[in-house]
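In what follows, a structure is listed as structure tokens, so that the remarks can point back to it.
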Amino acid sequence: MSMGPNKDGFYDMLEFPKGRIGDLFEKAALDMTVLHNLFIRAMNSLLYHAPKITKKDVPSFLRYSLAFIHTLHHHHATEEELYFPVLEESLGEGHMGSNVVGHEEFQPSFNEFTVLCTKMAANPSTWDASAFVASIHAFAKPLTKHLAEEIVSLDAEVLRKGIKESDLIRCNKMVEKRVQTESSLTEYFLMVICNNDKVFGGWLIPLPWFMKAVIAWIIVPLNASMWKYATADGWGNLKPEFAWMGCPAVPV
């Protein structure tokens with residue numbers, strides 16, 4: 001995939017690495033691909049809607065933008081503070097270091113985008129769609145480069161040789177607990193659910209049917225002013241205007 005925008009000004013999805021969801025070591029990269037693709041979808045949704053935003057929609061659109069910022073920041077903080085260190089207990093110190101460098105490469109321009117959104121959210125009359133879009137493009141290329149490279153660092157055979165299955169399970173449970181403890185249902189979880197494609201990543205959050213129904217029929221509609229900008233509905237069905245963002249390969 002190209003790290004820059006495509007001919008339409010958006011960013012392409014990452015291809016899934018070969019692997020089986022039922023194999024814990026292969027699933028690590030598959031899960032990360034799902035997460036990274038939903039972040040790319042969310043970023044694309046910002047680019048798609050920004051030129052079309054009306055004055056009355058500026059506050060809700062900036063709340064959605066800040067939710068994207070907070071969710072991506074939480075994801076990378078969890079990696080650096082928990083996921084990478086636990087993996088490196090087995091794989092060796094520094095094994096995931098290139099990913100931290102990847103974070104650092106896009107962080108300055110991402111911080112500038114954060115400041116811009118925060119200032120405009122505090123004073124919606126200062127909304128500037130051109131500045132908003134330009135700020136996204138400033139961090140998008142190093143971000144998507146990092147998102148692609150991190151998948152490679154989770155190569156299944158490297159994990160299989162370097163870490164016990166029990167330790168990988170322990171690592172995954174620690175991350176899951178942190179996400180559940182620290183994440184807002186109406187922000188982090190909706191950002192994930194409403195920018196995921198259930199066809200290519202429905203396994204990521206294995207919720208029972210009734211909980212999916214509560215999210216799709218109650219929680220998302222109650223927060224519709226924000227989540228109308230997302231790429232999928234509360235069930236994980238991509239909206240027609242974002243259908244092209246289905247992933248190019250399906251894991252088995």
Side-chain angles (χ1 to χ4, degrees), residues 8 10-14 16 21 27 30-54 56-76 78 117 121 132 136 143 147 172 175-251:
D8 297 315
F10 301 108
Y11 293 81
D12 293 327
M13 300 296 100
L14 303 175
F16 277 105
I21 298 168
K27 187 173 181 285
L30 297 175
D31 284 351
M32 196 65 75
T33 305
V34 172
L35 277 169
H36 288 182
N37 276 336
L38 70 87
F39 288 131
I40 295 173
R41 285 193 197 94
M43 183 174 69
N44 281 335
S45 72
L46 299 180
L47 292 169
Y48 176 85
H49 287 292
K52 305 175 177 65
I53 292 300
T54 62
K56 71 179 181 63
D57 281 336
V58 168
S60 61
F61 182 65
L62 288 170
R63 286 198 303 273
Y64 175 73
S65 303
L66 288 169
F68 163 73
I69 290 169
H70 297 156
T71 304
L72 185 60
H73 174 73
H74 185 277
H75 171 70
H76 285 141
T78 300
C117 289
F132 181 90
I136 291 177
L143 172 61
L147 295 179
N172 291 342
V175 170
E176 182 180 342
K177 182 177 180 180
R178 174 166 175 165
V179 170
Q180 291 176 344
T181 301
E182 298 181 359
S183 302
S184 164
L185 176 62
T186 57
E187 186 170 284
Y188 185 100
F189 282 109
L190 288 193
M191 181 61 65
V192 171
I193 289 168
C194 292
N195 285 293
N196 194 11
D197 175 3
K198 70 177 185 181
V199 176
F200 300 98
W203 75 83
L204 187 67
I205 303 179
L207 297 173
W209 186 89
F210 77 88
M211 188 60 196
K212 292 179 181 179
V214 169
I215 291 170
W217 290 340
I218 299 176
I219 297 176
V220 170
L222 286 175
N223 296 273
S225 64
M226 276 178 62
W227 300 105
K228 65 184 179 182
Y229 306 112
T231 56
D233 62 19
W235 294 102
N237 300 302
L238 290 181
K239 298 172 184 175
E241 61 268 36
F242 300 117
W244 68 271
M245 287 193 286
C247 298
V250 188

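Note that CE of Met245 and NZ of Lys239 are 10.0 Å apart. Values are rounded to the nearest 0.5 Å. Here CG of Leu147 is found 5.0 Å from NE2 of His36. Values are rounded to the nearest 0.5 Å. A distance of 4.5 Å separates CG in Leu46 from OG in Ser65, rounded to the nearest 0.5 Å. Here the CE-NZ distance, from Met32 to Lys27, works out to 11.0 Å after rounding to the nearest 0.5 Å. Rounding to the nearest 0.5 Å places OG1 of Thr231 at 3.5 Å from CG of Asn195. Taking CD of Glu176 as the reference point, atom OG1 of Thr181 lies at 10.0 Å (rounded to 0.5 Å).
At least one side-chain heavy atom of Leu38 sits less than 4.5 Å from a side-chain heavy atom of Leu35. Looking at Ile40 and Asn37, their side chains come closer than 4.5 Å, going by heavy atoms from C-beta outward. Contact of the Leu143 side chain with the His76 side chain is registered, since non-hydrogen atoms from C-beta on lie closer than 4.5 Å. Side-chain atoms of His75 and Thr71, non-hydrogen and from C-beta on, never get closer than 4.5 Å to each other. Two residues are said to be in side-chain contact when any heavy atoms from C-beta on lie closer than 4.5 Å; Met13 and Asp197 fail this criterion.
Ring geometry, Trp244 versus Phe10: the interplanar angle falls from 30° to 60°, so the pair is classed tilted. Taking the six-membered ring where tryptophan is involved, the planes of Tyr64 and Tyr229 are tilted, since the angle between them lies from 30° to 60°. Using bins of under 30°, 30° to 60° and over 60° for the plane-to-plane angle, the ring pair His49/Phe61 lands in the perpendicular bin. Between Trp209 and Trp235, the angle of the ring planes lies from 30° to 60°, which puts this pair in the tilted group.
A donor-acceptor contact shorter than 3.5 Å is absent between the side chain of Asn237 and the backbone of Asp233. Formation of a donor-acceptor pair under 3.5 Å by the His74 side chain with backbone atoms of His70 is not found in this model. Looking at Asn44, its side chain does come within 3.5 Å of a backbone N or O of Tyr11 through a donor-acceptor pair. In terms of modelled atom types and a separation under 3.5 Å, the side chain of Asp57 and the main chain of Ile53 share no donor-acceptor contact.
Residue Met226 comes nearest to Ser60 through the heavy atom pair CG-O, 3.9 Å, listed as atom of the first residue, atom of the second, then distance. When all heavy atoms of Leu30 and Ile21 are compared, the closest pair comes out as CD1-N, 3.9 Å. Between Leu190 and Ile215, the closest heavy-atom pair is CD2-CG2, 3.9 Å. Residue Ala243 comes nearest to Leu238 through the heavy atom pair O-CD1, 4.2 Å, listed as atom of the first residue, atom of the second, then distance. Smallest separation of non-hydrogen atoms from Gly234 and Cys194: CA-SG, 4.4 Å.
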